[in-house]
**Student:** 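Below you will find the structure I want to go over with you.
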Amino acid sequence: MHLENQTVLPEFILLGLSSDPKTQIALFIVFTSVYTVILIGNFLIIVLVLTDVNLHTPMYFFLSNLSFLDLCYSTSILPRMLKDLSSINKVIPYGECVAQMYISLSLGESECVLLVVMAYDRYVAICYPLHYTTIMSKKVCVRLAVSTWICGFLLSISHVALTFNIDTCGHNVINHFACELTEVLSLGCENIILVELIIFIVGIIILLTPVTFIVISYVNIIQNILKIASSSGQRKAFSTCGSHMMVVAIFYGSAMASYMKPRSSFLPGTDKVIAVFYTIVTPMLNPMIYTLRNNDVKAAFVKLIAKLKFYDTIVFNNNNE
């Protein structure tokens, strides 16, 4: 690659999920609804963790971090996607494309690391319950949370720098609804085997290494759960860990299906559907999975509703006096 010969594009064109106007209208309605659910669901989790003292534990602290990550992640993709679905002009400036890829990759990689931290938290809680509060102190939790963000935003620099350093020879049509790394790479008109190899190796570090750690953690967790004498204790432990395992399966499964395969096997239509899963569906499902399967979160929600009704009653009575 020679920077002096590289064609610098002022803009890209995003083809999106469909070119049919009627389909675009339907998709706009669907994804507007989905984005609303994402905002409400994840914001609600954050509010519940902040306001309910029973949720002031490491597990829910990391859950609120996950919700905040999902809010940011979906916001880095969906507003632009909705804008393109509602307009004919689907041009995205070069700088915005770079920014979108960097931010979305950083948030996605931060979530990869955070899910490992959440698995470690459950591992310590179940395998070392007597030392849990000491090991997972408030200071440790804050450091782990900050580290997830730092790791994500540092690791993605290499991806973005390498991707936008390739020569596209003037090709600027991206067959995707976002500035997706694999699709921008496909625009390259030169030999980019080395670039793909580096990105693939970093992908292994980001995806396979965390998955391996999570699997090992849960093997130990399951072994310890089976040693619990009471069946109610086992059910509670499995319920808590089950929510996290579902989130891990959906997020890592779709991300690995998208990134851990050779360029020759990329299928534009299929890859866009897979991308919808880890960028849009996962942030929408996470609050539902943790809320529906968690009695503590449901209890906190009921208390919040009761408080809101109480405040409404006071305001109503004051207005009538």
**Student:** Any salt bridge linking Glu96 with Arg80? Criterion: basic side-chain nitrogen under 4.0 Å from a carboxylate oxygen.
**Tutor:**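 Yes, this pair counts.
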**Student:** Do Asn172 and Tyr94 have side-chain N/O donor and acceptor atoms under 3.5 Å apart?
**Tutor:**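 Side chains of Asn172 and Tyr94: no pair found under 3.5 Å.
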**Student:** Is it the case that more than 12 heavy atoms not belonging to Ile88 sit under 6.0 Å from its CD1 atom?
**Tutor:**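 At most 12 heavy atoms, drawn from other residues, nucleotides or ligands, come within 6.0 Å of this atom.
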**Student:** If we ignore hydrogens and angles and just use 3.5 Å, is the side chain of Gln24 paired with the main-chain N or O of Ser86 as donor and acceptor?
**Tutor:**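 Side chain of Gln24 to backbone of Ser86, a donor-acceptor pair under 3.5 Å: no, none is there.
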**Student:** Between Val184 and Ile166, what is the shortest heavy-atom contact and its length?
**Tutor:** O-CD1, 3.8 Å
**Student:** Any chance the side chains of Ser106 and Ser156 put a donor and an acceptor closer than 3.5 Å?
**Tutor:**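 Looking only at side-chain atoms, Ser156 and Ser106 do form a donor-acceptor pair, the distance falling under 3.5 Å.
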**Student:** Does Phe277 CZ have over 12 foreign heavy atoms under 6.0 Å away?
**Tutor:**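 Count not over threshold, so no.
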**Student:** Between Asn42 and Pro283, is there a donor-acceptor pair closer than 3.5 Å when you use the side chain of the first and the backbone of the second?
**Tutor:** yes
**Student:** Might you work through the side-chain contact (heavy atoms from CB on, under 4.5 Å) test for Thr279 and Phe177, ending with a clear yes or no?
**Tutor:** CA-CA 11 Å; Thr279 59; Phe177 56 82; 4.0 Å; yes
**Student:** Say whether, by atom type as modelled, one donor and one acceptor occur between the side chain of Tyr102 and the main chain of Phe153 under 3.5 angstrom.
**Tutor:** yes
**Student:** Any chance the side chains of Tyr73 and Ser110 put a donor and an acceptor closer than 3.5 Å?
**Tutor:**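 No pair is found: no donor N or O on one side chain lies under 3.5 Å from an acceptor on the other.
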**Student:** Taking the ring of Tyr218 and the ring of Tyr123, is the distance between their centroids below 6.0 Å?
**Tutor:** no
